[in-house]
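Numbered from 1 within each chain, the chains take letters A, B, ... in sequence-line order.
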Amino acid sequence: MKSQFLILLCFILGSFVFNSCEKLLMDHDPEPDPEIIFDELWNTIDQKYSFFEYKNIDWDSLYTVYHSRIRERMTPFELFNVLADMMFELEDGHVNLSTSFNLSRNWTWYENFPDNFSTSIMVRNYLGQDYKISGPLRSQIIDSVGYVYYGSFGSNVSAANIDHVIDYLSDTKGIIFDVRHNSGGNLSNANLIISRFADRKRITGYRKYKKGPRHNDFSEPVPIYSEPAGPRQFTEKPVIILTNRRSYSAANHFIMQMRTFPHIQSMGDSSGGGGGTPIHAELPNGWIYRFSSNITLDADQRNVERGIAPDFQVAMTRQDIILGRDSIIDQALEYIKAQH
Amino acid sequence: MKTFLILLITILTIAFTARDAFSSGLDDTPNFYIGSSLGLSGSVIKDLGMSPLTYSGSNFRTNISFLRTNQNRIFEFRFDLDLGAMGNQFSSSNIVDYYGMYQSTSYLWNLPVSLPWESRLFLGGSLDLISANRFHNAYSNNAYNFDFTATLSPVLKSQSPFSLFNQDFSAGMSLRLPFVTYSIRPAFNSSVGSGFLDEYESIWEALYNSSKLRGPSQSFITQFSSSLNWHIRNNNRIKLEYRWLYYSIDGQNPIQAANHAITVTTLFAFK
């Protein structure tokens, strides 16, 4: 009986001995003190952020400025403010510090500009009450011209959604594709829609990837291709994309790619930009941050981080809004009808 | 060289598995078992490509296994799957979904040594494949993070039979130490720490370019398991098993990970 218990004891002890072995083998987490957190954030952005040269930002001097505000005993709120202020200097909507009590951001890409869009005017006076809803796409035929509104690339479009829209609008004189106030989301949604407007495979942009720690360590521009897919493409008639300052990130990318095709032009205000793919990281105190990790160039290799100027600059006036008119949609309608 | 190594590991895996799973008996009284198990596991991981923080959590563990054993040899093929979630000590919202796959093929021979309690000692080799996949829910473009290792290890295993309450039991312990490891750890996993995303490479290029053969000093993988077998009717068994796995991969985005699993397995015997 003694041997049985010894064997059982070996089994149980064996299980418990290894239970805490990894504590001896694994490295400890960095201490969550303000100095270490600040350095972790500054260093990661220093090596991996993609627009220092383009925006002419002196990141080293910002270290001096903001590091002087770091104290050994700071509240989380004070530390957040220092880090948020430093990240604000990057002038990038893709740069955020996320905590449970606040989200740092720089939204000057649209806050200092006119809206050039009113959801209520668009819905009440243009979409009306009998518009089609295909997933996130809202479509209507206005004076024999197709109109589609897509409010967020974060709302997934299916192939069936976009094919229904193309079928529905195939006999119109042209399509107005409205991405105003679309602040981005998933690029796969953009690519799916683009494939229904592509006449052939084309280079619709380029990306340069960070490949070293220095601010100008980038790969050569890598082409981005767009090509037709799906049962039907809308390529024979004009397409106008409506843009404003709140067309950002994936929407900015969508505008850049769509404009490459000869039958597609843009109208409205400049888009908001956001040309760097954001990646996330974590600080030693569990706060999550993100920043742009690469550079997007259009087909002519121009940087689109600060937005894309429209082919036709049109603004909504105060008088338009009072009269319930969306002058950007109106002008797009006139343009397409005139082309027919 | 790399292509050769990939082919070699694939061939070894298939050869180990096929030869012993389908061969006709190893000696006089072989027993062939098919087992399936359910259990729980706990994972701890420090992946500097994902975060400077340690993540830990609980998983649901399931497993299928094929075991061929007799007095002199043990062959085992097993596949374990973990599904679970992990978090860090600071934030309840920074959740990482975890999918771990562990495949092990081992072949052991009885060592002719005299041990107390009628115990037997086995020595052999093992090929262990580990694929650890993590999806950080608070991240977007770089949310997916993974590593893969294939390790050849020497294995030492002991088995001790005993009776308790007129029932037959056996207890076992085994230890694996790494000999050589082939790992895949592409740069597109990284957001923090050293290294760059290298997105200009295709996924397949990145996988291929990151693959590397490493010794124990660069990739240390060790496993310990202890098991308690209850020998029931018709030579079937119910097995309570504890497994501990630790591995580390040095390099561009170093990883240190540990996993503890407790499973209950039913092993059905076939002659």
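Taking each heavy atom of A/Met26 and B/Gln256 in turn, the nearest pair found is CE-O, 3.3 Å. In this structure, B/Pro52 and A/Pro30 approach most closely via the heavy-atom pair O-CD, 3.4 Å. The shortest non-hydrogen separation linking B/Ser91 to A/Gly286 is CB-O, 4.4 Å.
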Problem set entry | Verdict with reasoning, A/Arg290 to B/Asn141, per side-chain contact (heavy atoms from CB on, under 4.5 Å) | CA-CA 10 Å; A/Arg290 69 170 192 163; B/Asn141 294 305; over 6 Å; no
For this session: Applying side-chain contact (heavy atoms from CB on, under 4.5 Å), run through A/Ile288 and B/Tyr139 and close with a yes or a no.
Result: CA-CA 8 Å; A/Ile288 301 270; B/Tyr139 293 8; 3.6 Å; yes
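For chain B, the nearby parts of A/Leu25 are the backbone and the side chain; heavy atoms of each come within less than 4.5 Å. For A/Leu283, the part sitting under 4.5 Å from any heavy atom of chain B is the backbone (N, CA, C, O) and nothing else. For a residue to count as touching a neighbouring chain, one of its non-hydrogen atoms must lie under 4.5 Å from one of that chain's; by this rule B/Tyr55 touches chain A with the side chain only. Residue contact with chain B, scored on non-hydrogen atoms closer than 4.5 Å, is absent for A/Asn186. Heavy atoms closer than 4.5 Å to chain A are found nowhere in B/Ile255, neither backbone nor side chain.
The environment of B/Phe60 atom CZ is dense: over 12 non-hydrogen atoms of other residues, nucleotides or ligands sit within 6.0 angstrom. In A/Glu31, the CD atom is not crowded: 12 or fewer heavy atoms of neighbouring residues, nucleotides or ligands sit closer than 6.0 Å. Other residues, nucleotides and ligands contribute over 12 non-hydrogen atoms within 6.0 Å of the CD atom of B/Gln167.
One distance of note links CG of A/Leu24 with OH of B/Tyr246; it measures 10.0 Å at 0.5 Å rounding. A distance of 9.5 Å separates NE2 of A/His28 from NZ of B/Lys46, quoted to the nearest 0.5 Å. Atoms CG and CG, from A/Asp29 and B/Asn88 in turn, are 8.0 Å apart once rounded to the nearest 0.5 Å.
A/Glu282 places a side-chain heavy atom less than 4.5 Å from the side chain of B/His136.
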